[in-house]
Amino acid sequence: MASADILDLDDLTAPVLTDTQRQILDYTEARTVTFDVDAMLEEAAAQAGADDLADTDGFTDRLAAHIAAIESDTGLRQLTRGTLRARTVRKLRNRLSLTDLLKRYPEIGSIPIEAPLIVVGMPRSGTTHLVNLIAQDPRRRALPYWESEDPIPALGAGPDTFGVDPRYARVKAEHEALMATTPYVAAMHDRFPEAIEEEVELLDLDMAGYVVEWHARVPTWRDFYLGLDQTRHYAFLKRVLQALTFLRGPRTWVLKSPQHAEQLAALTATFPDATVAFTHRDPVAVIQSAITMMAYSDRLRRTSIDPDWLVGYWSDRIHRLLSACVRDRELVPAERSVDIGFHTLGGSEMPVLEGFYRQAGIDIPAKVATRFQTYIDDNRRGAKGRIPYDLRRHFGVEPDELRSRFAFYFDRFDVRPET
């Protein structure tokens, strides 16, 4: 696909399904998916070969709230319900396997997670690009998508005779199926197995992340999640990182998640020696990009698409996230942080990287600089096609009117209007 290719979504909010998409929905809609907690726990325990959930801090209550929120979304297709059920079982299995691993190797709890580099910013603000770029440094330990989805191998479920991890094979097959059914996702946010992704998926082993908001309409979960004491859940995240370090190598971590932007108190308490890069982008461009991606995915996920709901919910959600970020930004000391405008991530990232590394007290050897530049050259925006994002056309929203809600953010950071 050439970089000049324009992937026009003229059916974004009134989708015209392909024959393949209709066949998939005809097949899956005929099979009702149920969320029976006992059955899901039984499946997870059978897969893990363990049954201790380490429920000492109300985990089962959070699990119940998570499932209740999904069940409250009556617009989900059975295809999506099946995906979310499978995801929940997978998180339960990983938690069981983690608990078992920590019992067998208690020394994991003593592994230091020292001086991580952490990328923080709104979704669609360049965080994924930046963390994938930093991950080109072979001294860094990063979290590829296949591992974020299934971080702890089940006992006895190691690589096959060809050395292929079954967790990788499963995520690869899922990615291929996604590309076959909704191919424009690659131009929006391509989560191929090797791509570096978010450790917020690890928080969901503790049922404490905001991820399900991206899969379903769950304002009850948003409110529940925002009321959690995230300090203890970020401590859990650190334990998972310790386990992953034990399993696959001792290098210094590079992490990223938009969720951190509204959880800076927990983040700094858990990783006090981290150096943090904050990415900043026009919130209107972020909302436009995010809801376009969600509307496109909703053609298979939901029984109908509601543009007004997407605008209303995600405008409010980004407002909440940015309000918390502006409020707590000073919790991260100036000597261990940088602020990066999205406009600096368009092909001239080397000065940005040099500034970030300098702030962290890390050198950039010539070989690492070459790797950085190669990645920049090979991953220009639009290389997989360009989506003509258009708030007016697709959602009936005037960008300037929406932007006025975020004056507090423009006043605080160097952000350039895009839309």
Evaluate side chain to side chain contact (heavy atoms under 4.5 Å, CB included) for Leu155 paired with Arg104, printing each intermediate quantity in order.
-> CA-CA 11 Å; Leu155 192 62; Arg104 288 186 288 115; 3.6 Å; yes

Output, in order, the C-alpha distance, side-chain angles, deciding distance and verdict of side-chain hydrogen bond (donor to acceptor under 3.5 Å, both in side chains) for His129 and Glu349.
-> CA-CA 10 Å; His129 176 64; Glu349 289 88 344; 2.8 Å; yes

Evaluate the criterion side chain to side chain contact (heavy atoms under 4.5 Å, CB included) for residue pair Leu130 and Lys256; output intermediate values, then yes/no.
-> CA-CA 9 Å; Leu130 187 55; Lys256 83 101 175 176; over 6 Å; no

Test Arg403 against Tyr409 for side chain to side chain contact (heavy atoms under 4.5 Å, CB included), laying out the working first.
-> CA-CA 10 Å; Arg403 188 176 290 110; Tyr409 179 65; over 6 Å; no

Going through the checks in order, is the salt bridge (charged side-chain N to carboxylate O under 4.0 Å, His left out) test met by Arg281 and Glu418?
-> CA-CA 8 Å; Arg281 187 182 186 187; Glu418 293 179 47; 2.8 Å; yes

Evaluate the salt bridge (charged side-chain N to carboxylate O under 4.0 Å, His left out) criterion for residues Glu174 and Arg170: first the C-alpha distance (whole Å), next the side-chain angles of each, then the deciding distance (0.1 Å), finally the verdict.
-> CA-CA 6 Å; Glu174 290 180 355; Arg170 180 187 61 76; 2.6 Å; yes

Check the pair Leu226, Glu262 against side chain to side chain contact (heavy atoms under 4.5 Å, CB included), reporting the backbone distance first and the verdict last.
-> CA-CA 9 Å; Leu226 289 174; Glu262 63 186 8; 3.9 Å; yes

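The closest side-chain heavy-atom distance from Glu107 to Ile111 is not below 4.5 Å. Counting only heavy atoms from C-beta outward, the side chains of Val211 and Glu198 never approach each other to under 4.5 Å. Counting heavy atoms from C-beta on, the side chains of Asn94 and Val240 never come closer than 4.5 Å. Residues Asp414 and His343 form a side-chain contact, since some pair of their non-hydrogen atoms from C-beta on lies under 4.5 Å apart. Looking only at side-chain heavy atoms (C-beta outward), Leu244 and Ile152 come within less than 4.5 Å of each other. Side chains of Phe342 and Val286 form no contact here, defined as non-hydrogen atoms less than 4.5 Å apart. Between Leu96 and Leu53 the shortest side-chain heavy-atom distance falls below 4.5 Å. A heavy-atom distance below 4.5 Å is not found between the side chains of Glu199 and Tyr234.
Nearest heavy-atom pair across Phe406 and Ser315 is CZ-O, 3.7 Å. Closest heavy-atom contact between Arg93 and Ala154: NH1-N, 3.2 Å. Ala69 and Thr220 make their closest contact through CB-OG1, 3.6 Å (heavy atoms, listed as atom of the first residue, atom of the second, distance). Here the closest heavy-atom approach between residue Arg124 and residue Tyr389 is recorded as NH2-OH, 3.6 Å. Between Leu321 and Ala261, the shortest heavy-atom contact is CD2-CB, 3.6 Å. The minimum heavy-atom distance linking Asp282 with Val415 is given by the pair N-CG1, 3.3 Å.
A donor-acceptor pair under 3.5 Å is formed between the side chain of Arg336 and the backbone N or O of Pro272. Not a single donor-acceptor pair under 3.5 Å links the side chain of Arg392 to the backbone N or O of Pro399. In this structure, the side chain of Arg222 does not engage the main chain of Arg317 through any donor-acceptor pair within 3.5 Å. Listed for the Gln136 side chain is no donor-acceptor partner under 3.5 Å among the backbone atoms of Arg371. Side chain of Thr370 to main chain of Ala366: a donor-acceptor pair is present (N/O by atom type, distance under 3.5 Å, no hydrogens or angles). A donor-acceptor contact shorter than 3.5 Å is absent between the side chain of Asp328 and the backbone of Leu331. Using a distance-only test at 3.5 Å, with no hydrogens or angles considered, no donor-acceptor pair links the side chain of Lys238 to the main chain of Phe271. Looking only at distances, no side-chain donor or acceptor of Asp73 sits under 3.5 Å from a matching main-chain atom of Val218. Listed for the Arg62 side chain is a donor-acceptor partner under 3.5 Å among the backbone atoms of Asp206. No donor-acceptor distance shorter than 3.5 angstrom exists from the side chain of Asp150 to the backbone of Arg167, with no hydrogens or angles considered.
With rounding to the nearest 0.5 angstrom, the CD1 atom of Ile362 is 4.5 Å from the CG atom of Leu117. Put simply, CD on Glu197 and CZ on Phe192 are 9.5 Å apart, with the number rounded to the nearest 0.5 Å. Rounded to the nearest 0.5 Å, atoms CZ (Phe278) and CD1 (Ile340) are 10.5 Å apart. One distance of note links CD of Glu201 with CD of Glu147; it measures 12.5 Å at 0.5 Å rounding. Between the CG atom of Leu84 and the CZ atom of Arg301 there is a distance of 9.0 Å, given to the nearest 0.5 Å. Here the CG atom belonging to Asp55 is positioned 4.0 Å from the OG1 atom belonging to Thr60, to the nearest 0.5 angstrom.
Thr127 and Thr279 share no side-chain donor-acceptor pair at under 3.5 Å. Judged by distance alone, the side chains of Ser72 and Trp221 never bring a donor and an acceptor atom under 3.5 Å apart.
At most 12 heavy atoms of other shown residues, nucleotides or ligands fall within 6.0 angstrom of atom CD in Glu42. The 12-atom threshold is exceeded at CZ of Arg232, counting heavy atoms of other residues, nucleotides or ligands nearer than 6.0 Å. Around atom CZ of Arg139, more than 12 heavy atoms belonging to other residues, nucleotides or ligands sit under 6.0 Å away.
Aromatic ring centroids of Tyr296 and His394 lie 6.0 Å or more apart. For His175 and Tyr168, the ring centers sit 6.0 Å or farther from each other.
Ring geometry for Tyr225 versus Tyr210: interplanar angle of 30 to 60°, hence tilted.
Taking the ring axis of Tyr313 as reference, the NZ or CZ atom of Arg217 does not stay both within 45° of it and closer than 6.0 Å to the ring centre.
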